[in-house]
Amino acid sequence: MTIIKGYKRPDGSVGIRNHVLLMPTVICSNQVVNRIGQQVSGTVAIPHQHGCSQVGKDKERTHQVLVGMGKNPNVGAVLIISLGCEVMNAEQIRDEIMETGKPVIWLDIQDEGGTIKTIQKGIEAAKELVKQVQDGQRVDIDLSELIVGVKCGGSDATSGLCSNPALGKASDLLVAENGTIVMGETTEIIGAEHILAEKAVSAEVHHKLYDCIRNFEMEIDRMGVDMRGGNPSPGNIEGGLSTIEEKSLGCISKAGSSSLKGVVEYAEPIKGKGFYFMDSPGNDIECVSGMAAAGVHLVCFTTGVGTPTGNPIIPVIKITGNERTAKRMEDNIDIDTSAVLQGKETLEQAGKRIFDEIVSVASGSLTKAEVLGHQEFSINRIGISL
């Protein structure tokens with residue numbers, strides 16, 4: 001049994017970070033949130049483009065992501081800033097986050113009397129929340145509590161040969177300890193979905209995975225476009241990938257050999273153990289944000305040509321199988337697995353190094369993305385603006 005050092009929350013969940021989250025309910029609150037964040041250390045902000053002129057499932061998705069970010073166990077307290085006339089219901093968002101038992105404060109710009117008054121009051125509120133969470137102490141937590149997202153971006157020929165299968169070995173080690181793996185990127189499994197479907201534990205899960213592919217392809221047809229204009233991306237092709245299928249076969253190896261326990265919607269909470277698939281875009285920032293909103297603790301992110309992607313509330317471990325990328329982007333890459341391609345290391349050994357890094361980061365070690373302050377956040381949108 002492997003032990004990590006984390007934070008126990010009032011609702012019984014455990015976190016590996018202890019952030020105070022500054023949350024705008026709508027794009028109109030971003031500036032106020034950013035100014036508060038600039039004045040209060042120990043806070044992280046999630047400015048975004050949405051929260052108004054949205055209806056139906058599109059509105060529900062934004063609501064779910066905001067609530068999920070607030071509920072994520074890596075967050076110790078939340079300051080919500082609303083405008084007052086948006087479609088997001090700030091009071092409902094506050095109440096749902098408060099179900100976790102963590103401190104939540106809500107300020108409304110129109111009620112407070114404008115930008116300056118809200119910033120002044122927000123700074124005091126954020127300081128008080130930071131004071132409350134900084135008393136939290138790390139305690140021993142069983143690794144089985146950990147939920148790890150597996151993601152790839154900026155893939156090249158080394159990704160499918162080396163970094164993705166090495167991450168798959170790490171995924172197997174985590175699942176063997178009763179931990180949980182979440183893989184997203186519906187666009188990145190097209191052409192290899194039959195291999196994942198064979199791993200499904202039930203006919204229902206099997207059919208749900210195919211539904212994800214079918215719905216995405218119907219949406220592409222409705223738009224009258226060819227996804228090959230963007231996938232593989234120009235960077236993928238330059239890196240040696242020639243087809244969607246070739247890219248997908250490398251992508252799916254990140255999850256290892258585990259059975260597929262379930263398929264969830266974008267940002268839907270992960271409630272079981274083992275391997276889960278999230279119906280999400282391949283877009284790096286939107287996919288990682290959806291994982292964070294689903295309760296994922298950290299993400300292992302493989303890359304061939306290199307990317308600096310991070311997240312405000314969950315650590316992102318960057319892994320490459322490309323020796324040149326590891327040297328060229330040393331500031332961004334946490335783990336170099338290129339020794340596998342040189343015959344100096346096995347996939348199992350590289351996977352064990354990734355697993356050890358997961359344990360270390362879960363216990364408090366910072367990733368390169370955290371050190372550099374990469375806090376990219378974006379909500380996947382499915383509807384039109386009114």
Side-chain angles (χ1 to χ4, degrees), residues 4-6 15-22 34 37 41-48 65 69 72-76 146-156 159 163-164 166-167 170-171 174 181-185 235 254 280-322 324-338 350 353-379:
I4 58 176
K5 295 285 187 180
I16 63 171
R17 295 293 184 268
N18 203 23
H19 296 300
V20 170
L21 179 64
L22 308 181
N34 288 335
S41 62
T43 61
V44 291
I46 52 170
H48 59 88
V65 170
M69 292 294 286
N72 186 294
N74 288 358
V75 172
L146 201 64
I147 307 176
V148 174
V150 292
K151 172 81 176 77
C152 53
S155 299
D156 69 2
S159 300
S163 55
N164 285 343
L167 178 53
S171 297
L174 183 65
I181 295 294
V182 182
M183 186 173 77
E185 308 176 273
K254 300 193 303 289
S280 65
N283 179 283
D284 295 345
I285 313 303
E286 291 186 5
C287 183
V288 173
S289 297
M291 289 178 171
V296 165
H297 292 99
L298 69 87
V299 166
C300 289
F301 193 118
T302 62
T303 181
V305 297
T307 171
T309 300
N311 184 267
I313 64 170
I314 60 175
V316 179
I317 300 172
K318 219 64 59 57
I319 305 159
T320 190
N322 187 320
R324 284 186 301 173
T325 298
K327 292 178 179 176
R328 190 177 65 243
M329 296 184 66
E330 184 180 5
D331 290 346
N332 302 100
I333 302 299
D334 296 282
I335 298 179
D336 175 11
T337 62
S338 61
R353 283 200 292 126
I354 296 170
F355 176 79
D356 290 343
E357 184 70 5
I358 290 171
V359 173
S360 177
V361 169
S363 294
S365 297
L366 297 179
T367 64
K368 297 282 184 69
E370 287 179 295
V371 170
L372 294 171
H374 276 283
Q375 299 182 355
E376 290 80 8
F377 174 75
S378 181
I379 302 171

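In this structure, the separation between CD1 on Ile319 and NZ on Lys151 is 12.5 Å, given to the nearest 0.5 Å. Atom CG of Leu146 sits about 5.0 Å away from atom CD1 of Ile4, to the nearest 0.5 Å. From Ile358, atom CD1 reaches atom CD1 of Ile335 across 7.5 Å, with rounding to the nearest 0.5 Å. Between the CD1 atom of Ile285 and the CD atom of Glu376 there is a distance of 5.0 Å, given to the nearest 0.5 Å. Separating the SG atom in Cys300 from the CG atom in Asn164 is a distance of 11.5 Å, to the nearest 0.5 Å. A distance of 7.0 Å separates CD1 of Ile379 from CD1 of Ile46, quoted to the nearest 0.5 Å.
Nearest approach of Gly149 to Val296, heavy atoms of both residues: N-CG1, 3.4 Å. Listed here is the closest heavy atom pair of Phe301 and Gly153: CE2-N, 3.3 Å. Here the shortest heavy-atom pairing between Pro315 and Val361 reads CB-CG1, 3.6 Å. When all heavy atoms of Asn34 and Ala45 are compared, the pair lying nearest together is OD1-CB, 4.4 Å. The shortest heavy-atom contact between Cys287 and Gly184 is SG-CA, 4.3 Å. Nearest approach of Asn322 to Ser338, heavy atoms of both residues: C-CB, 4.3 Å.
Remark: Thr309 engages Thr307 in a side-chain hydrogen bond (donor to acceptor under 3.5 Å, both in side chains) (not counting sequence neighbours). For Ser171, the side-chain contact (heavy atoms from CB on, under 4.5 Å) partners are Val150, Leu167, Ile181, not counting sequence neighbours.
The closest side-chain heavy-atom distance from Lys368 to Lys318 is not below 4.5 Å. With contacts defined as side-chain heavy-atom distances shorter than 4.5 Å, the pair Met291/Asn72 does not qualify. Residues Val288 and Ile314 have side chains in contact (heavy-atom distance under 4.5 Å, counting atoms from C-beta outward). Residues Cys152 and Glu185 form a side-chain contact, since some pair of their non-hydrogen atoms from C-beta on lies under 4.5 Å apart. The side-chain heavy atoms of Ile313 and Arg17, taken from C-beta on, include no pair separated by under 4.5 Å. Val65 has its side chain out of reach of Ser289: every pair of non-hydrogen atoms, C-beta onward, lies at least 4.5 Å apart. Two residues are said to be in side-chain contact when any heavy atoms from C-beta on lie closer than 4.5 Å; Thr303 and Ile333 meet this criterion.
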Test side chain to side chain contact (heavy atoms under 4.5 Å, CB included) applied to His374 and Val316, step by step: CA-CA 9 Å; His374 276 283; Val316 179; over 6 Å; no

Side chain to side chain contact (heavy atoms under 4.5 Å, CB included) between Thr320 and Ser163, intermediate numbers included: CA-CA 6 Å; Thr320 190; Ser163 55; 5.7 Å; no

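Crowding of Arg324 atom CZ: a count of heavy atoms from other residues, nucleotides or ligands under 6.0 Å not exceeding 12.
Side-chain contact, Asp334 with Thr367: no donor N or O sits under 3.5 Å from an acceptor N or O.
A donor-acceptor pair under 3.5 Å is absent between the side-chain atoms of Asn332 and the main chain of Pro308, judged by distance alone. Remark: the backbone N or O of Val148 is not paired with any side-chain donor or acceptor of His297 at under 3.5 angstrom.
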